[in-house]
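Data block below; observations after.
These figures come from a predicted structure and were not determined experimentally.
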Amino acid sequence: MSDGFDYDLVIIGAGVGGHGAALHAVSCGLKTAIIEAGDMGGTCVNRGCIPSKALLAASGRVRELRNAHHLKSLGIQVDHVAFDRQAIADHASSLVSKIQGDLTNSLKRLGVDIIRGWGKIAGTQKVTITSDSTQKTVTAKDIILSPGSVPFVPPGIEVDGKTVFTSDQGVKLESLPEWIAIIGSGYIGLEFSDVYSALGCEITMIEALDQLMPGFDRDIAKLAERVLITPRDIETKVGIYAKRIIPGSPVVIELADFKTKEDIDVIEVDACLVATGRIPATNNLGLDTLGIELDRRNYIPVDDHMAVLSGGEVVPHVWAIGDATGKMMLAHTASAQGVVAVENIIGRPRTVDYRSIPAAAFTHPEVSYVGLTEVAAQELAQAEGFEVATTKSYFKGNSKALAEKEADGMAKVVYRQDTGEVLGVHIFGMHASDLIHEASAAIANRQAVQDLAHLVHAHPTLSEVLDEAYKRAVV
């Protein structure tokens with residue numbers, strides 16, 4: 001116990017980041033409490049990664065079993081495939097319950113105090129917790145803020161949770177509309193388009209920017225569009241935004257040109273999923289009591305050690321992690337930041353290497369990446385004075401992919417021409433979310449393609465796609 005405080009560490013927010021920080025804090029000998037006003041496990045467990053992966057697993061099986069041409073090529077015939085929407089939804093909700101229970105039990109087992117209620121900073125090293133009927137104050141030597149994020153709903157869009165909804169409601173799969181509009185073609189929109197198209201829905205995907213899948217490497221995005229969107233029952237509208245969305249039966253969507261703002265069309269659909277990204281949940285945290293101001297996008301400013309900043313200066317004993325810091329809005333990023341914050345709290349300086357953190361979209365096939373896109377690498381090269389090179393390899397040349405008859409895919413490696421250091425790796429294809437970790441480790445260790453080209457990969461495996469890309473880089 002530290003100097004008469006109630007706790008060594010109090011964490012506000014029991015999402016994946018707060019959970020990871022609490023487990024690490026206990027292993028480091030800190031007396032720890034975690035405060036949560038909503039669902040234990042936060043967005044990832046309850047409304048994000050976990051239920052969406054359950055839906056993708058079930059709908060992916062339906063897609064596979066209904067692909068008569070693919071099965072016939074393997075010598076398999078399946079006469080009739082049916083599914084039960086409610087049973088698929090129940091699979092997702094029961095998985096959420098299990099993971100939520102496991103997460104809560106792991107905290108209790110290790111002696112973390114779980115305090116239910118709304119936590120906010122009440123002054124230096126003080127936190128108040130407000131529940132329905134009570135308010136109490138605890139003291140802590142250090143405080144970690146992990147409030148997470150919420151879906152962003154642009155102006156003009158009215159959400160009723162039934163006919164117009166965000167991913168928060170979408171993961172419940174309460175209905176399968178005949179025709180659904182999806183606003184946004186980032187990873188959330190892509191994953192839901194994968195689920196809905198597999199289960200027989202007609203989709204209109206509306207992307208305000210001038211190309212689909214913004215943020216993904218362009219070579220990967222073009223190939224992914226050809227496989228994930230074009231052959232499916234998905235109509236796309238690019239460079240167009242939903243100026244107004246009115247819930248109901250039907251849902252009315254007023255479309256306008258994103259650049260000129262001129263009205264273009266009005267469409268009527270059965271439902272609409274708003275997948276336009278997420279914003280930090282940073283209101284009512286008591287930051288003003290310590291003079292902490294949010295940045296212009298309402299993120300909590302932090303340094304590389306996860307210490308909260310005010311006017312560019314470290315605020316003693318206050319740390320922040322996860323989506324609310326605006327670094328990378330990924331559950332595993334939040335976990336990594338939580339561990340790093342605790343390491344710094346106990347006097348072991350450590351920072352997060354964001355470049356080596358991988359990300360994935362769990363479509364069929366999957367998309368994954370780590371590090372810089374080619375465009376971002378070129379910008380860095382211009383600033384630092386080096387040349388960028390790229391190399392590609394294809395799943396259609398991979399024995400395992402051919403055996404599976406799943407040969408749509410590509411791996412792209414972005415690296416420095418002079419030193420060979422890998423700057424980014426992008427994969428589209430079967431099991432891309434698993435394959436990316438070899439590249440993540442290579443970037444974390446700042447390895448060069450010259451060394452990676454001599455690694456030995458088991459044959460025949462999909463990992464040889466990366467092996468081939470590395471070898472091509474040094475030919």
request  = Flag the pair Leu9 / Lys31 as yes when at least one side-chain heavy-atom distance between them is below 4.5 Å, and no otherwise.
outcome  = no

request  = State plainly whether the residues Arg244 and Glu158 are in salt-bridge range, i.e. N to O under 4.0 Å.
outcome  = no

query = Which atom pair, heavy atoms only, marks the closest approach of Arg278 to Ser167?
reply = NH1-OG, 4.1 Å

request  = Describe, in one word, how the ring planes of His426 and Tyr369 are oriented to each other, choosing from parallel (under 30°), tilted (30 to 60°) and perpendicular (over 60°).
outcome  = parallel

message = Under the side-chain hydrogen bond (donor to acceptor under 3.5 Å, both in side chains) definition, can you give me all pairs with a residue in residues 371-381, not counting sequence neighbours?
response = Glu374-Lys412

inquiry  = Closer than 3.5 angstrom, by distance alone: can the side chain of Trp118 be matched with the main-chain N or O of Asn284 as a donor-acceptor pair?
reply    = yes

remark   = CG (Asn46) and CD1 (Ile99) are apart, to the nearest 0.5 Å, by 10.5 Å

query = Which is it for Leu176 and Leu173 under the side chain to side chain contact (heavy atoms under 4.5 Å, CB included) test, yes or no, and what are the steps along the way?
reply = CA-CA 7 Å; Leu176 286 173; Leu173 202 70; 3.9 Å; yes

task = Keeping the roles fixed (side chain from Ser52, backbone from Gly48), state whether a donor-acceptor pair exists under 3.5 Å.
result = yes

request  = Would you please say whether a donor-acceptor pair under 3.5 Å links the side chains of Arg63 and Ser197?
outcome  = yes

request  = Verify, without hydrogens or angle tests, whether Arg355 (side chain) and Leu423 (backbone) share a donor-acceptor contact under 3.5 angstrom.
outcome  = no

request  = Give a yes or no on whether the backbone of Met213 and the side-chain of Ser185 come within a donor-acceptor separation of less than 3.5 Å.
outcome  = yes

CA sep, side-chain torsions, deciding dist, call: Tyr187, Phe216, side chain to side chain contact (heavy atoms under 4.5 Å, CB included) = CA-CA 9 Å; Tyr187 74 94; Phe216 290 89; 4.2 Å; yes

task = Could you tell me the separation between the CD1 atom of Ile279 and the CG atom of Asp323, rounded to the nearest 0.5 Å?
result = 11.5 Å

Ile34 side chain near Asp113 side chain, heavy-atom distance below 4.5 Å = no

inquiry  = Let me confirm one number: the CG-CE distance from Asp303 to Met306, rounded to the nearest 0.5 Å.
reply    = 8.0 Å

request  = Taking only Lys NZ, Arg NE, NH1 and NH2, and the carboxylate oxygens of Asp or Glu, determine whether Asp102 and Lys98 approach each other closer than 4.0 Å.
outcome  = yes

message = Within the supplied structure, the quantity of interest is the number of heavy atoms (other residues, nucleotides, ligands) at a distance under 6.0 Å from Gln86 CD; does it exceed 12?
response = yes

ask   = Can the positive tip of Lys261 be found less than 6.0 Å from the middle of the six-membered ring of Phe258, inside 45° of the ring normal?
value = yes

request  = Kindly say whether Pro349 contributes a backbone atom to a donor-acceptor pair with the side chain of Glu343 at under 3.5 angstrom?
outcome  = no

query = Shortest non-hydrogen contact from Cys28 to Val342?
reply = SG-CG1, 4.2 Å

query = Counting only N and O atoms by type, is there a donor-acceptor contact under 3.5 Å from the side chain of Ser146 to the main-chain atoms of Gly322?
reply = no

ask   = Please walk me through it: do Asp263 and Asp257 pass side chain to side chain contact (heavy atoms under 4.5 Å, CB included)?
value = CA-CA 6 Å; Asp263 293 344; Asp257 183 286; over 6 Å; no

request  = With rounding to the nearest 0.5 Å, note down the distance linking CG in Leu255 to CD in Glu262.
outcome  = 14.0 Å

ask   = Heavy atoms, side chains only, cut-off 4.5 Å: are Ile300 and Trp319 in contact?
value = no

task = Check whether the side chains of Thr134 and Ser131 place a donor and an acceptor atom closer than 3.5 Å, and report yes or no.
result = yes

note = Between Ser193 and Ile203, the two heavy atoms sitting closest are O-CD1, 3.5 Å

query = Taking the side chain from Arg446 and the backbone from Ile443, do they hold a donor-acceptor pair closer than 3.5 Å?
reply = yes

inquiry  = Under a plain distance cut-off of 3.5 Å, with no hydrogens placed, do Gln337 and Tyr354 share a side-chain donor-acceptor pair?
reply    = yes

message = Which residue is it: Leu145, Val10, Leu285, Thr128? I am looking for the one with a side-chain contact (heavy atoms from CB on, under 4.5 Å) to Ile121.
response = Leu145

request  = Please say whether more than 12 non-hydrogen atoms of neighbouring residues, nucleotides or ligands are located less than 6.0 Å from CD in Glu293.
outcome  = no

query = After noting the C-alpha distance and the side-chain angles of Ile229 and Leu190, does the key distance pass the side chain to side chain contact (heavy atoms under 4.5 Å, CB included) rule?
reply = CA-CA 9 Å; Ile229 295 173; Leu190 276 180; 4.2 Å; yes

query = Do Ser433 and Glu366 meet the criterion of a side-chain donor-acceptor pair at a distance under 3.5 Å?
reply = yes

ask   = Got Asp8 and Thr32 here, is their nearest side-chain heavy-atom distance under 4.5 Å?
value = no

request  = Please confirm whether Lys141 makes a cation-pi placement over Phe5, using NZ or CZ under 6.0 Å from the six-membered ring centre and within 45° of the ring normal.
outcome  = no

ask   = Of all heavy-atom pairs between Leu273 and Thr166, which one has the smallest distance, and what is that distance?
value = CD1-C, 3.5 Å

message = Donor-acceptor check, side chain of Thr325 to backbone of Ile321, threshold 3.5 angstrom: yes or no?
response = no

request  = Give a yes-or-no answer on whether the side chains of His19 and Ser106 include a donor-acceptor pair shorter than 3.5 Å.
outcome  = yes

message = Do Val302 and Leu309 have side chains that approach each other closer than 4.5 Å (heavy atoms only, starting at C-beta)?
response = no

Side chain Glu268, main chain Val252, donor-acceptor under 3.5 Å = no

key: Heavy-atom closest pair, residues Val370 and Ala439   = CG1-CB, 3.9 Å

query = Has the side chain of Asp39 got a donor or acceptor atom that lies under 3.5 Å from a matching backbone atom of Gly42?
reply = no

key: Basic-acidic side-chain contact under 4.0 Å: Glu174, Arg85   = no

task = Compare every heavy atom of Ile246 with every heavy atom of Glu254, then report the nearest pair and how far apart it is.
result = OE2-CD1, 4.5 Å

task = Please round to the nearest 0.5 Å and tell me the distance separating atom CD1 of Ile427 and atom NE2 of His431.
result = 12.5 Å

query = Should we count CZ of Arg218 as having more than 12 external heavy atoms under 6.0 Å?
reply = yes

task = Please tell me if the side chains of Val26 and Val112 come closer than 4.5 Å, counting only heavy atoms from C-beta onward.
result = yes

key: CG on Leu228 to CG on Asp194, rounded to 0.5 Å   = 6.5 Å

key: Crowding at CG, Asp160 (>12 non-hydrogen neighbours, <6.0 Å)   = yes

inquiry  = Using side-chain hydrogen bond (donor to acceptor under 3.5 Å, both in side chains), reason through Gln125 and Thr139 one step at a time and then give a plain yes or no.
reply    = CA-CA 6 Å; Gln125 297 171 300; Thr139 59; over 6 Å; no

